[in-house]
Amino acid sequence: MKRLLNFDRGIRAVADLLMLNVSFLLSDIIIKAFFPPVGFQWNQFFYKLPEHIYGMILVNIIALIVFHMNGFYTRSRAYQSRYKALVIVQAVCVCYLIFGFANYLVDSNFISPAVLILSWVLSIGFLVSARLWSLIWRKVILNEVGQQNRAIQVVNDKEVLVIGGAGYIGSALLPLLLEEGYSVRILDAFIYGDSAIKPYLTHPKVKIYRADFRQIDKIVEAVKGVNSVIHLGALVGDPACALDENLTIEINLMATRMIAEVCKGFGVRNFIFASTCSVYGASDDVLDERSKLNPVSLYARSKIACEKILLELASDKFSPVILRFSTIFGFSGRTRFDLVVNLLTAKAYIDQEITVINGDQWRPFLHVEDAARSVVAALKAPRELVHAQVYNVGNNNLNYTLLQMGELVAHLVPNAKLILSESDQDRRNYRVDCSKIQRDLKYFTKWTLEDGIRQMIKAFAENKLQDYKSAEYSNVKSLMERGAKDQLSAQSILNFQDLLIVEA
Ligand SMILES: NC(=O)c1ccc[n+]([C@@H]2O[C@H](COP(=O)([O-])OP(=O)(O)OC[C@H]3O[C@@H](n4cnc5c(N)ncnc54)[C@H](O)[C@@H]3O)[C@@H](O)[C@H]2O)c1
């Protein structure tokens, strides 16, 4: 697909240059035909053509640079029609301004102003009409073909499978998907219970698959007929993943590979994968998607391995999208108190005292509802735009040191005492740059950290949240105290002993 996209971009660039050159030549011919210079003869025109080549080369180089900088061959397909036309007009104007200036500096008689102006108008006309024609072609012709194909495949674009959809993020995502008109299949083992999505269990547009996602037959059953899969399921968080390394690798990594392969085999086009900014681990820089990864936990390493596998599986028919979520805060169907902002807010509100450990460490934060919105944005984006792309999900303004965050909590909860301490247990320290998702998907967060903390305080005040220390709010506690880990281990697909039992 990558090669195909590059080829497609190459073709578009060549077509643009062709239109530009034709505009020049045509303008030159028209001006000479209607306003011939004194003593002009057509044989001179053809004789002097090779001299034009240098000018043409210069125009082509300037055009390619300007067009590329305006996103002609990267993001412009995502632009809406009027805005797209505006971008084209602007890019062509810049291009001609530069060329006109260069022409004036080199030799003002080289190309006459009349030719330059006419060529400028023609270029805009050609480039805009070409895009318009391509739009009509895609809408009318390809729609017809698409309808025929859909009839054959019986794939429903408005039906989506969410794996691990009963968790913290999943329970915030489900109502958004329903609002957007999707029918939603949820495959989850309900390790932490089903109360997170209880109001939706009997919803007519929700179908529940109560299963462990390591079971291939269940995945096949759930995947059939859907075009898009969102994979949120995992053992989540450093402490939960450290409990049993083999189990973590099996659930987070091996199962993800199997799920992605099944999806690819069954014609799923969009595969959105929940990764984490923890992959950056410890770094003093502001990190974007191309920055070096420096994981400091098994959880982060398992996510990096998944990302790699998914990107390798990308093809013209299978488009994985990686969303690296910042550390999440806020209220959802399954609020977690094993996450730093929620935990400190609960401690401040209930115990009137919070301890900030390693206050100088940076973290990017993201409200759970904004995390869910980013999934919807990726789902609705044109496939070619997000194909095999990695996005940091968050906001550049939501990078805080733990001390700054703790001070904000202490400020918002009256009488809460702030204590500082040091530990070398958690070495994570990272700030992220989220410009790419803003630029490509026009995705902007809605929640500030302050609003999220206020939301949690309100939820406590209204008794929507009970004992924050209870196992139901913590992954690691649920796995340990509620026997969830033993249950998961018992269902291990790596337990080959079962295969050796032969019935007499
Ligand atoms: N919450 C965060 O701060 C955060 C940050 C970055 C990335 N993420 C990623 O986002 C995704 C969702 O996170 P979350 O906070 O909603 O997690 P969560 O623990 O609340 O939810 C995970 C869901 O997966 C299900 N699940 C786990 N193992 C399963 C199995 N073997 N079979 C079937 N279901 C299984 C659980 O029952 C649960 O409903 C995860 O992949 C996580 O790594 C979360």
Side-chain angles (χ1 to χ4, degrees), residues 161-174 186-197 208-216 218-219 222 230-241 247-256 258-259 272-280 297-304 306-307 322-330 332-343 363-372 374-375 391-394 428 430 432 452 472-479 482 484-485 487-493:
L161 168 65
V162 187
I163 299 173
Y168 185 34
I169 299 174
S171 56
L173 175 64
L174 179 55
I186 291 207
L187 190 147
D188 201 298
F190 296 98
I191 299 176
Y192 313 113
D194 63 8
S195 54
I197 57 163
I208 305 289
Y209 296 78
R210 208 173 269 267
D212 191 306
F213 60 64
R214 288 171 292 173
Q215 296 170 269
I216 190 166
K218 303 291 179 194
I219 294 293
I230 299 158
H231 184 24
L232 304 175
L235 290 181
V236 183
D238 294 358
C241 290
L247 190 65
T248 299
I249 292 167
E250 187 181 321
I251 291 179
N252 286 14
L253 181 56
M254 292 174 68
T256 298
M258 178 274 288
I259 291 168
I272 299 170
F273 177 70
S275 185
T276 167
C277 284
S278 292
V279 294
Y280 298 117
S297 67
L298 175 64
Y299 171 56
R301 287 205 307 279
S302 74
K303 290 288 180 181
I304 295 173
C306 287
E307 288 187 6
I322 313 286
L323 299 179
R324 289 181 182 158
F325 294 127
S326 301
T327 302
I328 297 181
F329 63 92
S332 89
R334 182 191 176 233
T335 304
R336 285 175 48 195
F337 284 112
D338 51 2
L339 293 162
V340 68
V341 178
N342 292 356
L343 179 65
R363 286 285 189 292
F365 293 112
L366 173 70
H367 192 276
V368 64
E369 202 181 294
D370 281 330
S374 74
V375 175
Y391 293 105
N392 288 342
V393 185
R428 282 179 300 158
Y430 50 92
V432 297
E472 67 181 291
Y473 296 122
S474 154
N475 285 0
V476 72
K477 280 189 196 165
S478 289
L479 289 166
R482 294 175 143 205
K485 183 186 146 292
Q487 233 170 320
L488 286 169
S489 300
Q491 287 164 4
S492 170
I493 47 167

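Whatever order the structure lists them in is the order used to number ligands and atoms, beginning at 1. Just the heavy atoms: all of them, side chains too, but no hydrogens, waters or symmetry mates, feed the values below. The structure displayed is predicted, hence computed values, not measured ones. Note that the numbering runs from 1 along the sequence shown for the chain.
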Side-chain heavy atoms of [X] within contact of [Y], under 4.5 Å:
X    : Y    : answer
Y280 : R324 : yes
L247 : L488 : yes
Y192 : N475 : yes

Approximate separation, where rounding is to 0.5 Å, of N392 CG and S275 OG: 9.5 Å
May I ask you to decide if the ring planes of F337 and Y473 are parallel, tilted or perpendicular, using 30° and 60° as cut-offs?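 Taking Y473 first and then F337, their aromatic rings stand perpendicular (interplane angle over 60°).
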Which atom pairs, nitrogen or oxygen on both sides, join ligand 1 and the protein at under 3.5 angstrom?
| residue | atom | partner | partner atom | Å |
| --- | --- | --- | --- | --- |
| ligand 1 | 1 (N) | R336 | NH1 | 3.3 |
| ligand 1 | 3 (O) | I328 | N | 3.1 |
| ligand 1 | 15 (O) | R336 | NH1 | 2.7 |
| ligand 1 | 16 (O) | Y168 | N | 3.1 |
| ligand 1 | 16 (O) | I169 | N | 2.8 |
| ligand 1 | 19 (O) | N475 | ND2 | 3.0 |
| ligand 1 | 20 (O) | Y168 | N | 2.8 |
| ligand 1 | 20 (O) | R334 | NH1 | 2.7 |
| ligand 1 | 31 (N) | D212 | OD1 | 3.0 |
| ligand 1 | 32 (N) | F213 | N | 2.9 |
| ligand 1 | 34 (N) | A189 | N | 3.1 |
| ligand 1 | 37 (O) | D188 | OD1 | 2.6 |
| ligand 1 | 37 (O) | I191 | N | 3.1 |
| ligand 1 | 39 (O) | G167 | N | 3.3 |
| ligand 1 | 39 (O) | D188 | OD1 | 3.3 |
| ligand 1 | 39 (O) | D188 | OD2 | 2.7 |
| ligand 1 | 41 (O) | L232 | O | 3.0 |
| ligand 1 | 41 (O) | K303 | NZ | 2.8 |
| ligand 1 | 43 (O) | Y299 | OH | 2.5 |
| ligand 1 | 43 (O) | K303 | NZ | 3.0 |

Sub-3.5 Å donor-acceptor pair from the side chain of D238 to the main-chain atoms of S297, do we have one? no
